[in-house]
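Just so it is clear: chains get the letters A, B, ... in the order the sequence lines come, proteins before strands, and each one is counted from 1. The structure presented is a predicted model; accordingly, all values stated were derived computationally and were not measured.
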Amino acid sequence: GAVVSQHPSWVICKSGTSVKIECRSLDFQATTMFWYRQFPKQSLMLMATSNEGSKATYEQGVEKDKFLINHASLTLSTLTVTSAHPEDSSFYICSARGYLGLAGLETQYFGPGTRLLVL
Amino acid sequence: GIQVEQSPPDLILQEGANSTLRCNFSDSVNNLQWFHQNPWGQLINLFYIPSGTKQNGRLSATTVATERYSLLYISSSQTTDSGVYFCAVEPPDSWGKFQFGAGTQVVVTP
């Protein structure tokens with residue numbers, strides 16, 4: 001079945017460095033990808049929406065210059081946390097939406113998440 | 001915006017027990033999904049269920065869209081079922097932007 005993968009699954013970095021997280025859709029082409037963030041003991045909150053080949057749109061309160069999103073192909077979106085600081089430590093989850101199979105069934109799957117720890 | 005309420009917030013089960021988790025939502029939705037976040041943090045898709053009933057092994061889910069609720073059933077629970085179960089809904093005016101509930105923390109003891 002359709003799967004969404006994320007890489008890496010976890011990452012530790014020093015404060016001030018940038019970290020790139022990849023989100024790939026397998027078995028289907030994702031016309032739209034969504035990025036979510038989860039703080040400890042909390043639920044998931046939408047950060048941004050990206051369509052293939054166009055600029056991402058960000059939810060209110062999310063810094064677009066801090067969280068760079070690139071959706072260069074129908075199977076890959078990347079989130080780059082620039083100049084990461086300890087407060088950026090969180091769990092980042094992507095979701096991919098597209099059309100699956102010959103019937104073109106519209107579907108949306110979530111990736112397993114990437115845990116970021118900034119020291 | 002739409003409100004998503006999950007109950008109970010916490011659940012402790014003995015291995016082998018059955019349980020029901022509930023998700024209420026305040027408005028009509030296009031889609032609804034159930035997820036399991038395991039103790040290592042990985043998010044696992046369980047069901048994509050805007051309406052009707054689906055079953056996958058020991059888990060099943062039912063969504064009654066007209067009454068704005070969904071139920072997740074766990075039968076013969078195992079310790080590997082521990083974790084947080086999230087319900088997420090897609091409002092009609094927010095294509096693809098799922099709104100998550102606060103989750104139900106489940107602990108299954110041996």
Side-chain angles (χ1 to χ4, degrees), chain A residues 1-11 23 25-26 30-52 56-60 62 71 77 89-100 105-117, chain B residues 1-10 21 23-26 29-52 54 56-57 59 63 82-107:
Chain A
V3 173
V4 174
S5 68
Q6 287 186 234
H7 177 79
S9 55
W10 60 270
V11 57
C23 176
S25 61
L26 310 177
T31 52
T32 306
M33 287 192 176
F34 305 85
W35 287 93
Y36 288 78
R37 182 174 183 176
Q38 183 187 31
F39 289 108
K41 305 292 185 184
Q42 294 187 26
S43 190
L44 284 73
M45 298 295 291
L46 181 66
M47 296 174 66
T49 303
S50 73
N51 291 299
E52 186 261 338
T57 56
Y58 292 80
E59 297 298 302
Q60 193 171 8
V62 178
H71 191 168
S77 175
S89 298
S90 189
F91 195 59
Y92 294 89
I93 303 108
C94 73
S95 176
R97 187 163 181 135
Y99 296 91
L100 182 65
L105 180 66
E106 189 173 44
T107 191
Q108 185 164 348
Y109 285 89
F110 283 72
T114 296
R115 188 165 300 282
L116 170 64
L117 177 61
Chain B
I2 195 168
Q3 304 298 312
V4 183
E5 295 182 356
Q6 291 187 242
S7 61
D10 301 279
L21 281 59
C23 173
N24 291 333
F25 40 99
S26 61
V29 297
N30 282 349
N31 277 304
L32 185 146
Q33 296 199 46
W34 282 99
F35 300 89
H36 174 213
Q37 189 168 40
N38 64 25
W40 296 269
Q42 279 195 322
L43 196 68
I44 301 163
N45 299 269
L46 294 179
F47 295 103
Y48 194 86
I49 183 168
S51 63
K54 289 186 178 179
N56 184 2
L59 300 180
T63 297
S82 296
V84 182
Y85 289 81
F86 287 105
C87 161
V89 301
E90 180 190 15
D93 58 348
S94 299
W95 185 86
K97 297 181 181 181
F98 280 78
Q99 178 74 36
F100 281 74
T104 293
Q105 173 84 55
V106 173
V107 175

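Judged purely by atom type and a 3.5 angstrom limit, B/Gln33 uses its side chain to pair as donor or acceptor with the backbone of A/Gln108.
Within the model, atoms CD of A/Gln6 and CG of B/Leu43 stand 9.0 Å from one another, a figure rounded to the nearest 0.5 Å. Annotation: the span from B/Gln42 atom CD to A/Phe91 atom CZ amounts to 7.0 Å, rounded to 0.5 Å.
Of the atoms belonging to B/Asn38, not a single heavy atom falls under 4.5 Å from chain A. For B/Gln37, the part lying under 4.5 angstrom from a heavy atom of chain A is the side chain only. Contacts of B/Glu90 with chain A are made by side-chain atoms alone, with heavy-atom separations under 4.5 Å and no backbone atom involved.
Across A/Glu59, A/Gln38, A/Arg115, the residue that shares the most heavy-atom pairs under 4.5 angstrom with chain B is A/Gln38. Options B/Gly41, B/Ala102, B/Gly96, B/Ala88 differ in how many heavy-atom pairs under 4.5 Å they form with chain A, and the most are formed by B/Gly96.
Relative orientation of the A/Phe110 and B/Phe98 rings is perpendicular, given thresholds of 30° and 60° on the angle between their planes.
Applying the 6.0 Å contact sphere to CH2 of B/Trp95 captures more than 12 heavy atoms from other residues, nucleotides or ligands. A 6.0 Å sphere centred on OH of A/Tyr99 holds no more than 12 heavy atoms belonging to other residues, nucleotides or ligands.
Residues B/Phe35 and A/Leu44 fail the side-chain proximity criterion, which asks for heavy atoms closer than 4.5 Å.
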